[in-house]
Amino acid sequence: MSRFLHSKYESLTPYDTSGEVESMKGFIRLNTNESPFPPSPKVLAASYESSRGLNYYCDPECSQLAEKISSMFGLKPSQIVFGNGSDEILNFLFMGFCEKGAAFPSITYSFYKILAKFHDVDYIPVPLKKLKVDPSYYRNVKGRTIFIANPNSPTGIAMPLSEIEEIITSNPESLVVVDEAYVDFGAESAVKLIQEYGNVAVVRTFSKSRSLAGARLGWCMACEELSQDIRNIKNTLTPYNINAMTQAAGLAALEDEEYTRKNIDIIRMVRDNTRTRLQEMGFEVTESSTNFLFAKHKDISGEEIFNALKKYKIMVRHFTNPSAISDYNRITIGTPEQMQIFLEVLKGDIK
Ligand code: PMP
């Protein structure tokens, strides 16, 4: 640490990307929930074309993207705010909307805790019930901002919309953030609740179903008042947060819905087949509405399985914290060929 660093940043706990870096070295990467499919050819062409204009600053409002998304969801363009990945939106929300604290599941996307700590937000980890988010546990959060990933990660389990609505209506003093990173793989979106309730924000990403994790693009949808507040924070800190190539890529991805739909269908089919095969091998696997599976073996520890796969250059995600999930691994659904290799290696190893 240098002597110039502000003392409040002396003991940061950055997001652990070590496995992600490792998985780039010729591994089959089943650890970060990306799409195994490259972006559509139309996306590649559009980003190349847009690169010709890189001498100019990009559109800070991402107007074309906002227009497109608002028409997809029946909202106004002013209700959409873009982030450099949905992580940036989450950062804005923890930064600007958690004066009374935050509440989120004790087992969920680990970035929530990291952001809460960074912004000095007092947070409560709300326990899960049999690995599921239970709306009745969110009845007494006293105006804290509630973050719910639906479907949740790493469990993969989705909540019905009625339960999300229950959290929203039982907490009129709280902003409820519904993080829908994986919603396209089989859950019901809370977007339709935005017209009805002023205390809900829905966060989405292009990183999963739309094959654009490396482009960094996410967005938020909420009532106009909330969106304007988020936009103010964004325009104060990073007005040009979405570069021109990413804007063009995102727009082209939305316009090639057929490509996205086809890939989602393949991933869902491979996911369900893989789940059955894992169950046959003695794994307990949660019911996934995502592009990943969360699985533990009846006899072999999660760590052993993680290490065995790693020897064969297959990375999955193993969690040690909290210890309640240390017997599980989270397995991103890869291509059918990658999952075949994964299953063969696993079968060879747990005989
Ligand atoms: N929310 C959840 C639940 C996630 O799992 C992730 C991806 N790790 C994100 C948000 C962030 O995605 P991105 O910043 O790539 O949009």
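Every number for a ligand or one of its atoms is a count from 1 in the order of the listing. Because only heavy atoms are used, hydrogens play no part in the values below, and waters and symmetry mates are left out as well, while side chains stay in. Everything numeric here is computed off the predicted structure, so don't read it as measured data.
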Ligand 1: protein residues within heavy-atom distance under 4.0 Å: Gly85, Ser86, Asp87, Tyr109, Asp179, Ala181, Tyr182, Thr205, Ser207, Lys208, Arg216
Set of residues satisfying ring-ring contact (aromatic ring centres under 6.0 Å, His included) with respect to Tyr109, sequence neighbours excluded: Phe111, Tyr112
Partners passing salt bridge (charged side-chain N to carboxylate O under 4.0 Å, His left out) against Arg268 (at least two apart in sequence or in another chain): none
Face-on cation placement of Arg330 at Phe292 ring, 6.0 Å and 45° thresholds: yes
Phe82 and Trp219 aromatic ring geometry - parallel, tilted or perpendicular at 30°/60° bounds: tilted
Side chain to side chain donor-acceptor pair (under 3.5 Å) contacts touching residues 1-10 (sequence neighbours left out): none
Cation-pi, Tyr182 ring and Lys208 (6.0 angstrom, 45 degrees): no
